[in-house]
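Working notes for the structure below.
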Amino acid sequence: LSVQALYNFLPRWELFTGYGYEFEQEKNLNVLRLGIEYVLPIQKQWDVQFGLTYDYKQIYHTITFTISFSKHFGKGFEGE
């Protein structure tokens with residue numbers, strides 16, 4: 001469970017940060033998340049994102065590389 005904020009600092013580049021809570025059987029953990037994403041339009045209303053995320057947890061830390069796809073719905077989005 002987390003709350004995140006996103007900032008587009010350059011075209012196609014996004015920074016994000018957030019705070020959350022990870023529920024575990026033995027101990028629940030506070031999580032601080034920082035990351036960056038590059039958004040690449042691949043078709044009309046479709047994007048692929050490449051991201052790098054750092055999670056700071058009370059017991060351990062993780063660095064994650066992600067590849068995700070998104071589709072835009074509704075009127076008004078024309079893509080790049």
Side-chain angles (χ1 to χ4, degrees):
L1 179 63
S2 69
V3 175
Q4 295 188 25
L6 178 89
Y7 176 68
N8 291 62
F9 66 99
L10 289 172
R12 299 186 184 176
W13 286 95
E14 301 172 342
L15 285 174
F16 58 91
T17 187
Y19 176 79
Y21 208 63
E22 184 174 303
F23 300 98
E24 296 288 337
Q25 288 181 343
E26 295 181 17
K27 182 179 180 181
N28 296 333
L29 304 173
N30 293 315
V31 179
L32 176 63
R33 172 169 281 186
L34 303 169
I36 188 166
E37 273 188 337
Y38 179 75
V39 179
L40 181 63
I42 54 175
Q43 285 186 358
K44 186 177 181 181
Q45 296 188 332
W46 281 93
D47 295 335
V48 61
Q49 294 93 16
F50 301 94
L52 187 64
T53 304
Y54 173 74
D55 288 332
Y56 175 84
K57 301 177 186 182
Q58 292 169 310
I59 298 175
Y60 62 94
H61 315 288
T62 60
I63 296 176
T64 309
F65 175 72
T66 60
I67 300 173
S68 58
F69 295 89
S70 62
K71 178 169 178 20
H72 303 269
F73 295 97
K75 296 180 181 179
F77 181 79
E78 302 298 327
E80 290 186 59

Ring of Phe69, cation from Lys71 - is the NZ or CZ under 6.0 Å from the centre and inside 45° of the axis?
no
Examine Phe16 and Leu40 and state if one hydrophobic cluster contains both, with Ile, Leu, Val, Met, Phe, Trp and Tyr joined whenever side-chain heavy atoms are less than 4.5 Å apart.
no
Donor-acceptor contacts under 3.5 Å from residues 27-37 side chains, at least two apart:
{"unit_1": "Asn28", "atom_1": "OD1", "unit_2": "Glu24", "atom_2": "N", "d": "3.0"}
{"unit_1": "Asn30", "atom_1": "OD1", "unit_2": "Tyr19", "atom_2": "OH", "d": "2.7"}
{"unit_1": "Arg33", "atom_1": "NE", "unit_2": "Asp55", "atom_2": "OD1", "d": "2.7"}
{"unit_1": "Arg33", "atom_1": "NH2", "unit_2": "Asp55", "atom_2": "OD1", "d": "3.4"}
{"unit_1": "Arg33", "atom_1": "NH2", "unit_2": "Asp55", "atom_2": "OD2", "d": "2.8"}

To the nearest 0.5 Å, how far apart are CD in Gln4 and OG1 in Thr17?
8.0 Å
I'd like to know whether OH of Tyr56 has more than 12 heavy-atom contacts from other residues, nucleotides or ligands below 6.0 angstrom.
no
dist Ile42:CD1 -> Asp47:CG (nearest 0.5 Å) comes out at 7.5 Å
Angle class for the Tyr7/Phe9 ring planes (parallel below 30°, perpendicular above 60°, tilted otherwise)?
parallel
Measuring from atom CG of Leu15 to atom CG of Leu6, what distance do you get when rounded to the nearest 0.5 angstrom?
8.0 Å
When rounded to the nearest 0.5 angstrom, what distance separates CD in Gln49 from OG1 in Thr66?
8.0 Å
Are Tyr60 and Phe23 linked, directly or through intermediate hydrophobic residues, by side-chain heavy-atom contacts shorter than 4.5 Å (ILVMFWY only)?
no
